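All remarks here apply to the structure that follows.
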Amino acid sequence: MAFRRGLLLLMLLPAGLIRAQAPARAAAELELYGTFHALGVIVNVDAGDDPDLDAAAGIAYRVQGSGSAFQPGFPLSRVSATRFVGSLFWLAPGTSYEVRVSLSDPDGGPLHTVTLQATVPTRAEIAVPTPTASFYASPAGSGMACSPAAPCAVSTALDQAQAGQAVVLRGGVYHQGSFSPPRSGAPGAPIVIRSYPGETAVFDGADPATFTWTAEGGGVYRTTVNVADPHLVTANGERLLPYTSLADLQNLVWGVPGFYASGAGVYVRLAGDADPNSALMRVSRFNTAFAVSRDFIYFVDLAFRHYGQGSYAKAIYFNNASDNLVQGSTFSLNDLSIGLKYDAHRNVIQDNVFSDTLFAWPWDAFYAGIDLSGGGLRFYSPATGRGTVIRRNTFYDYFDGLGVCPGTTAGQTNETDVYANLVYNTGDDGLETDGECSNVRLWGNTFHDVLIGISLAPVYTGPVYAIRNLIYRTGVGNSDYTGSPFKFNSGYGPSGPMYLFHNTTDAVLSDDDGPNHGLYIKAPGTWRLIYARNNIWAGTDAAINNYNTSQPVDLDFDNLWRDGGGALARWDNTNYATLAAFTAATGQEPSGYNLPPGFAGRAAGDYTLTPTSAMLDAGLALPGINDGYVGLAPDLGAFEYAGYGFTLTVSPAAQAAAPGSAASYRLDLQAIGAFAAGVSLAGSSPTPNLAVQVSPAALALPGQSEATLVVTNTFTGPLLPGLWHTVPITAAGGGLTVTASARLLVGGARLSLPLLLTP
């Protein structure tokens, strides 16, 4: 048994049924791979042990040493004659789990009753440690001191930094690039490259020179740049489309401002044929900011822009580079912001913002050789790395937001997690998993104002899991295509299993090409399985439209909703006006719904559920997917209803005050779920001797959450010592009333006496 960094490989040879026509024992190999909140589970078997491919693999797990019973997970998927693959979700970081896989075969073959068991930890949360030493650099830095008083150049600081140390960059613009860290950090001791606290270091790949532009006629201007073959030119902060010929630029065949580069000669044509000498022009001269072939390099709180010289330009390139981090940084107007290739394992991309300005360009232009469909992040082929985590980032104003699967890989599974990201304003796909995808997990992401939310076209091998994603306002962009939350159609090889659980999709738009569907399955395309449960499919056209019915699709416990009149569903070009008719004809959605979803604030993008939504408790319990639901059953859609209303707390709960004095309390209100109404506050006096005042008397939730309660003792006569008073407080709003109380001791004191224990 070998164990390293959350990876475990186990070979077990359990006893099987002894049959004359089958081996007496079955060989099976179990591998577990841990990320922060998930575990990949892979079982390899011999093809001869299950020639008819009807064996199944169940899974159960528990925290190691907890003593609790094993709880079931979602079953593994058969992805080939020799492999089962699956995942465990919602796990705690840095925690060891016992995992048990139980194989069964209805034929009673060698795999039947085989049990495999192993233990592996999830990955501990990543942290940026305090460096043991720091080397300071600035845009104009020089010398070797690399101190705060005498900063050096970036390259000098990088040359000196060792594992556990930091390169701290003073704020300003670094018109530099082509850096390559000379050494790796180490586990727990990365080399950190970061901005100085309170400042931002901006890496800019553009040439700072001012160029003179000469009119060539027809609105076209020319200049000679210092570095040949730029692929990125901007005018006043807007990217210019890179035309592939001078004639196309002269004729503006794509209808938008652009440029053409031939060697060091650059031609531009701006909007309204404006003179570029009067514009802020930027021409890229660097292909990369950092090309990283080392491990444990952390990039923190930086900015990157204008990297686009030559082919395959990118701001940061992880090439055979593992255990790296990019955090809290901004990437704008780069040909590609982050690229990963070859053995790039366990890299984490989190809490960054990626943007461009090409959202409205014509769709066809991107397939005419301009090479700008990479988005903010992309895996290059071949990419054999595993365990990449992409979380809590924002991507906007791209053609495709990001791509997370390479075309080819030598690894058995990707083990890639993409969650809690926001993607909007993409002219094609918000997120692409097109390529080699196995154990790719997409959860809790939001996509809006996109042509397609998530593309699975194709996902070789599988499985891919899309869980609790919100996708709305599909069908935007400069194209002739109808939008869709998911894309499956592909003329390439077949996809593996695809699981769609608890997604909320709302095609609220009707674009120039007509209304949009809640779930749209097009042709061509082949796949092993599309399996959907507990989703909300809402559209302005048919909630479900499938005209590739030759491929296996299994839909149930979903809500189908269409705004306005027309067919509720369309299957193989046949329209069905009702859910009952659709189910009777196709066998799909036998436990489905056709009910108003009850979104809390659709117009504002709030797709949580109201307390009266018919989606509450309407779902199917799926082991390992929606454990811990609230109520009698899981809710449909991306958001489990967490309650509605608000809480009221008083602090301190009790205090003492001298006669004639005042006591102040803090009132805290917190919204629950989608509650957003105003709340009025009132306090009442339990005796004429107390004056009670609440300020402010009304709060807006969510928003201001604190008020002050002042209780003043006004009695001037003889006072009995040690009088306790309970002051009731009432908060009312949104049809709800919540009460609390403050306790006041007047004319006395609360004493805490130590308890002395003697042997």
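Computed from a predicted structure; not experimentally measured.
Summarising the geometry, atom CG belonging to Asp556 is positioned 9.0 Å from atom CG belonging to Asn534; distances are rounded to the nearest 0.5 Å. Here Asn489 contributes atom CG and Leu456 contributes atom CG; the two are 10.5 Å apart, rounded to the nearest 0.5 Å. Considering CG of Asn439 and OG1 of Thr416, their distance stands at 9.5 Å, rounded to 0.5 Å. One finds the CG atom of Leu76 at 9.0 Å from the OG atom of Ser87 (value rounded to the nearest 0.5 Å). If you take OG1 on Thr433 and OH on Tyr460, they are separated by 11.5 Å, rounding to the nearest 0.5 Å. For the atom pair Leu39 CG and Glu31 CD, the distance stands at 11.0 Å (nearest 0.5 Å).
In this structure, Phe501 has its ring center closer than 6.0 angstrom to the ring center of Phe74. Side-chain rings of Phe486 and Tyr520 stay apart, their centers remaining 6.0 Å or farther from each other. Two rings, from Phe582 and Trp571, have their centers less than 6.0 Å apart.
The nearest pair of heavy atoms linking Phe379 to Pro406 is CB-N, 3.9 Å. Residues Trp527 and Gln551 come closest through the heavy atom pair N-OE1, 3.0 Å. Nearest heavy atoms, Gly525 versus Asn548: O-ND2, 3.0 Å. Pro72 and Asp627 get closest at one heavy-atom pair: O-OD2, 4.3 Å. Of all heavy-atom pairs spanning Gly401 and Thr426, the tightest one is N-CG2, 3.8 Å. Closest non-hydrogen pair, Gly430 versus Val423, comes out as O-CG1, 3.5 Å.
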### Worked verdict on Ser77 versus Tyr499 for side chain to side chain contact (heavy atoms under 4.5 Å, CB included)
CA-CA 10 Å; Ser77 298; Tyr499 296 102; 2.6 Å; yes
### Task
Under the side-chain hydrogen bond (donor to acceptor under 3.5 Å, both in side chains) rule, what do Asn516 and Thr482 come out as? Steps first, then yes or no, please.
CA-CA 6 Å; Asn516 287 261; Thr482 300; 5.3 Å; no
### Task
Dump the intermediate steps for side-chain hydrogen bond (donor to acceptor under 3.5 Å, both in side chains) on Glu415 and Thr35, then the final yes or no.
CA-CA 8 Å; Glu415 306 302 338; Thr35 57; over 6 Å; no
### Query
Between Thr574 and Asp572, does a side-chain hydrogen bond (donor to acceptor under 3.5 Å, both in side chains) hold up when you go through it step by step?
CA-CA 6 Å; Thr574 299; Asp572 198 20; over 6 Å; no
### Query
Can Glu432 and Arg378 be said to form a side chain to side chain contact (heavy atoms under 4.5 Å, CB included), step by step?
CA-CA 9 Å; Glu432 290 188 335; Arg378 183 74 48 170; 2.7 Å; yes
### Task
Apply the test side chain to side chain contact (heavy atoms under 4.5 Å, CB included) to residues Ile530 and Asp554: give CA-CA distance (whole Å), side-chain angles for both, the deciding distance (0.1 Å), then the verdict.
CA-CA 6 Å; Ile530 296 174; Asp554 188 337; over 6 Å; no
### Working for side chain to side chain contact (heavy atoms under 4.5 Å, CB included), residues Leu579 and Leu568
CA-CA 7 Å; Leu579 178 60; Leu568 178 66; 4.0 Å; yes
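A distance-only check finds a donor-acceptor pair linking the side chain of Ser438 to the backbone of Gly462 [under 3.5 Å]. No donor-acceptor pair closer than 3.5 Å links the side chain of Asp46 to the backbone N or O of Gly48. For the pair Thr504 (side chain) and Ala638 (backbone), a donor-acceptor distance under 3.5 Å is present. Judged by distance alone, with hydrogens and angles left aside, the side-chain atoms of His502 form a donor-acceptor pair with the main-chain N or O of Asp635 at under 3.5 Å. Looking only at distances, a side-chain donor or acceptor of Gln588 sits under 3.5 Å from a matching main-chain atom of Val553. With Asn421 contributing its side chain and Arg392 its backbone, the two residues share a donor-acceptor pair below 3.5 Å.
Residues Lys522 and Tyr547 meet the side-chain proximity criterion, which asks for heavy atoms closer than 4.5 Å. In this structure the side chain of Asp50 reaches within 4.5 angstrom of the side chain of Arg78, judged on heavy atoms. At least one side-chain heavy atom of Ile349 sits under 4.5 Å from a side-chain heavy atom of Asn393. Contact of the Leu636 side chain with the Asn535 side chain is not registered, since no non-hydrogen atoms from C-beta on lie closer than 4.5 Å. At a threshold of 4.5 Å between non-hydrogen side-chain atoms, the residues Asp105 and Val114 do not count as touching. In this structure, Asp417 and Trp443 have side chains that are in contact, with non-hydrogen atoms separated by less than 4.5 Å. Contact check for Leu451 versus Ser484: no side-chain heavy atoms found under the 4.5 Å cut-off. Between Leu88 and Ile59 the shortest side-chain heavy-atom distance falls below 4.5 Å.
Look at Asp541 and Arg570 and you find a salt bridge, because one of the NZ, NE, NH1 or NH2 atoms lies within 4.0 Å of a carboxylate O, short of that distance. Between Arg602 and Asp563 a salt bridge is recorded (basic side-chain N to carboxylate O distance below 4.0 Å). A salt bridge does not link Asp506 with Arg473: every distance from a Lys NZ or Arg NE/NH1/NH2 to an Asp or Glu carboxylate oxygen is 4.0 Å or more.
Of the N and O atoms on the side chains of Asn425 and Asp449, not one donor lies less than 3.5 Å from an acceptor on the other residue. A donor-acceptor pair shorter than 3.5 Å cannot be found between the side chains of Thr388 and Asn347. For the residue pair Asn44 and Gln412, a side-chain donor N or O sits within less than 3.5 Å of a side-chain acceptor on the partner. Inspection of the Thr586 and Tyr576 side chains reveals no N or O donor paired with an N or O acceptor under 3.5 Å. A donor-acceptor contact closer than 3.5 angstrom is absent between the side chains of Thr505 and Asn503. Side chains of Asp428 and Trp363: a donor-acceptor N/O pair is present below 3.5 angstrom, by distance only. A donor-acceptor pair shorter than 3.5 Å cannot be found between the side chains of Tyr465 and Arg441. Side-chain atoms of Thr413 and Arg386 form a donor-acceptor pair, as typed in the model, at a separation below 3.5 Å. Side-chain contact of Gln71 with Tyr61: a donor-acceptor pair under 3.5 Å is present, judged by distance alone.
With sequence neighbours excluded, the residues forming a side-chain hydrogen bond (donor to acceptor under 3.5 Å, both in side chains) with Asp429 are Lys487, listed by chain and number.
With a 6.0 Å cutoff to the six-membered ring centre and a 45° limit on the axis angle, Arg533 counts as a cation-pi contact of Tyr531.
Under a cut-off of 6.0 angstrom, the local environment of CZ in Phe70 is crowded, with over 12 non-hydrogen atoms contributed by other residues, nucleotides or ligands.
Screening Phe359, Phe447, Tyr424, Phe354 for a ring pair (Phe, Tyr, Trp, His ring centres under 6.0 Å) with Phe395, the sole residue that qualifies is Phe354. Of the residues listed (Trp561, Tyr641, Tyr607, Phe639), the one engaging Phe599 in a ring pair (Phe, Tyr, Trp, His ring centres under 6.0 Å) is Tyr607, and it is the only one.
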Which donor-acceptor pairs under 3.5 Å do side chains of residues 614-625 form with protein atoms, sequence neighbours excluded?
{"unit_1": "Asp617", "atom_1": "OD2", "unit_2": "Leu632", "atom_2": "N", "d": "3.4"}

